[in-house]
Number of protein chains: 2
Amino acid sequence: MKPVGFHQHDHETCKSGGITSAVDYCETRGLQFTPVRRRTLEILLHEHRAMGAYDLLEVLGREGFGSQPPVVYRALEFLVRHGFAHKIERLNAFVGCVHPGADHAPAFLICRQCDAVAETRARPAMALLGDLAGEAGFRVERAVIEAEGLCPNCQEPANPGPESRGKDPK
Amino acid sequence: MKPVGFHQHDHETCKSGGITSAVDYCETRGLQFTPVRRRTLEILLHEHRAMGAYDLLEVLGREGFGSQPPVVYRALEFLVRHGFAHKIERLNAFVGCVHPGADHAPAFLICRQCDAVAETRARPAMALLGDLAGEAGFRVERAVIEAEGLCPNCQEPANPGPESRGKDPK
DNA sequence: ATTAGCATGTTACCTTATAACGTTCGCGAC
DNA sequence: GTCGCGAACGTTATAAGGTAACATGCTAAT
Ligand SMILES: [Zn+2]
Ligand SMILES: [Zn+2]
Ligand SMILES: [Zn+2]
Ligand SMILES: [Zn+2]
């Protein structure tokens, strides 16, 4: 299972999959997938990159939604709580989930050069961490696992600069 | 190798060890372990708990050091850069390092009840994560690994409340 | 029709973090 | 000695991230 985000892939599927998963999930549980929430998720799913709350807010505001912080923070809280988006603690920013629906423990690979963020499954690492913690009597409930480094594209000497930002990880 | 922080231990060793390691390290490399830096580390090492920059700053200010944010952020930057302290991304807060000197990949166990933070070695989890990422062509340079849950003390029904805060994890 | 729940919006505010600039001190070059 | 330099410290000001509290509007149950 390769992480999604760095390599060429059908990104339309990422987008539509993220949305339809959310629609289904909300439908079956009687949750409201309202316009702000939907739009917020759409913006996050636009590319595999983390966005700050205020960047999102600016877009939402321009599109006729509320323009004050609580608007976006509430939408994000909803999306994160139900697993449609994730917060990247390292960046104080948010990404759309690419394994929606599935109950999953995500880990993130963050490229320090082009800012792309790929999501991968953290189960094995989580298990190991859980064991390690368990030996000390600590019970892990959730874990933040965020790796920082260079993505495949940025390792090639050809695209070493920030001018490569925003091109590939669509 | 048990994580340090939750269990009974000689905490004086944590404190003095942290300081003397820093002194030695700085001496051999010609770095300046100045009063603000030293005092900041001392405060952090006081207990196994994460402290916000502004809480630190308040103490420093009261003790005659500068009272403006850059003072503490610069000290923290130095301590973190050289591995004497760590930032807990999840909490936007800082802890003193309990494995100073050693080149180490730390993972943190954060108790959501009593706020104690234990540091443990993340090597195995890092290795696994590195392999996983490597398959995708991603080169991991550093990783944030922070588990949240209940520490041994807070799992006992006897100390379930926030009134247990601050007692044990000295 | 009334009430309760939930989503949205706003104002105001708090916390966390950094940019920019001036001063001081120690130290090697001259 | 003193000139010049780099590193550390201090300040002011401001950016960036996040929340509390309250008012309005919708819908669904009673
Ligand atoms: Zn995609
Ligand atoms: Zn996900
Ligand atoms: Zn200790
Ligand atoms: Zn450490």
Side-chain angles (χ1 to χ4, degrees), chain A residues 22-23 25-27 29-44 49-82 84-95 115 144 146, chain B residues 22-23 25-41 43-44 49-82 84-95 115 144 146:
Chain A
V23 170
Y25 180 103
C26 290
E27 196 134 322
R29 316 204 179 200
L31 297 171
Q32 301 179 239
F33 195 52
T34 62
V36 218
R37 292 172 178 175
R38 181 192 183 106
R39 187 62 190 129
T40 302
L41 181 53
E42 283 173 0
I43 298 169
L44 285 178
R49 188 179 305 281
M51 283 187 81
Y54 281 73
D55 295 332
L56 275 162
L57 180 58
E58 201 194 307
V59 179
L60 290 173
R62 275 204 312 261
E63 295 182 355
F65 295 97
S67 57
Q68 302 306 315
V71 167
V72 71
Y73 279 105
R74 281 194 291 236
L76 287 169
E77 199 247 332
F78 176 88
L79 296 175
V80 169
R81 178 151 41 97
H82 296 291
F84 306 135
H86 302 289
K87 176 168 189 181
I88 309 295
E89 298 290 345
R90 187 69 215 292
L91 305 176
N92 293 321
F94 301 82
V95 286
D115 285 346
V144 172
E146 297 171 356
Chain B
V23 170
Y25 181 101
C26 290
E27 197 133 323
T28 66
R29 318 206 175 197
L31 298 172
Q32 303 180 236
F33 194 52
T34 62
V36 217
R37 292 171 178 174
R38 182 193 183 105
R39 187 62 190 128
T40 301
L41 181 54
I43 298 170
L44 285 178
R49 189 179 305 282
M51 282 186 82
Y54 280 74
D55 295 330
L56 275 163
L57 180 58
E58 200 194 307
V59 179
L60 290 174
R62 276 203 312 259
E63 295 181 355
F65 296 97
S67 58
Q68 302 306 316
V71 168
V72 70
Y73 279 104
R74 282 192 291 235
L76 287 169
E77 199 246 333
F78 176 88
L79 296 175
V80 169
R81 178 148 42 97
H82 296 291
F84 307 136
H86 301 289
K87 177 169 187 181
I88 310 294
E89 299 289 346
R90 186 70 215 292
L91 305 176
N92 293 321
F94 301 82
V95 285
D115 286 346
V144 173
E146 297 171 355

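Residue numbers begin at 1 in each chain, while the letters A, B, ... track the order of the sequences.
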Tell me the interatomic distance from A:Arg38, atom CZ, to C:dT8, atom P, rounded to whole angstroms. 14 Å
Whole-Å distance separating the CZ atom of A:Arg37 from the C1' atom of C:dG9: 14 Å
What do the steps show when you test A:Ile43 against A:Asp55 for side-chain contact (heavy atoms from CB on, under 4.5 Å), and what is the final call? CA-CA 10 Å; A:Ile43 298 169; A:Asp55 295 332; over 6 Å; no
Separation of D:dA16 atom P from A:Ile88 atom CD1, nearest Å, is 20 Å
Taking the nucleotide of DNA chain D with the nearest heavy atom to each, does B:Asn92 or B:Gly66 sit closer to the 5' end? B:Gly66
Short side-chain N/O contact to D:dA8 OP1/OP2 from B:Gln32, under 4.0 Å: yes
Please tell me which of the listed nucleotides, D:dC9, D:dT12, C:dT11, lies nearest to the side chain of B:Thr34? D:dC9
Could you check which of C:dA7, D:dT11, C:dT10 has an atom nearest any side-chain atom of A:Pro70? C:dT10
If we require ring centres under 5.5 Å and near-parallel planes under 30°, does B:Tyr73 stack on C:dT18? no
Kindly indicate whether the side chain of A:Arg74 and the base of D:dG18 share any N or O donor-acceptor pair separated by less than 3.5 Å? no
Ignoring the backbone of A:Ser67, work out which of C:dT16, C:dA7, C:dT10 is nearest its side chain. C:dT10
Using 4.0 Å as the upper bound for N to carboxylate O, is an ion pair formed by A:Arg39 and A:Glu42? yes
Could you tell me whether the side chain of A:Leu91 reaches within less than 4.5 Å of the side chain of A:Asp115, counting heavy atoms only? no
For residues 26-37 of chain B, which side-chain donor-acceptor pairs fall under 3.5 Å, sequence neighbours excluded?
from	atom 1	to	atom 2	distance (Å)
B:Thr28	OG1	B:Tyr25	O	3.0
B:Arg29	NH1	B:Tyr25	OH	3.4
B:Arg37	NH1	B:Gln32	O	2.7

Side-chain contact, heavy-atom cut-off 4.5 Å: B:Leu41 with B:Arg38? no
Starting from P on D:dA8, measure out to CZ on B:Arg39 and report it in whole angstrom. 21 Å
In whole Å, I'd like the distance from the CD atom of A:Gln68 to the P atom of D:dA21. 18 Å
Send over the distance from B:Leu76 CG to D:dA8 P, rounded to a whole Å. 15 Å
For B:Leu57 and B:Gly66, which heavy atoms make the closest approach, and how far apart are they? CD1-O, 3.8 Å
What is the distance, to the nearest angstrom, from the OH atom on B:Tyr54 to the P atom on D:dG18? 15 Å
From the list A:Leu79, A:Val72, A:Val80, side chain to side chain contact (heavy atoms under 4.5 Å, CB included) with A:Phe94 holds only for A:Val80
Rounded to 10°, the helix from C:dA1-D:dT30 to C:dC30-D:dG1 deviates from straight, judged by its five-pair end axes, by 10°
Would you mind telling me which of C:dT18, C:dT11, C:dA20 lies closest to the side-chain atoms of B:Pro69? C:dT18
Side chain proximity check, B:Asn92 to B:Lys87, heavy atoms < 4.5 angstrom: yes
Closer to the 5' end of DNA chain D via nearest nucleotide, is it A:Gly52 or B:Leu31? B:Leu31
Any B:Lys87 side-chain N or O less than 4.0 Å from OP1/OP2 of C:dA17: yes
Return the value, rounded to whole Å, for the distance between atom CG of B:Leu57 and atom C1' of C:dC14. 16 Å
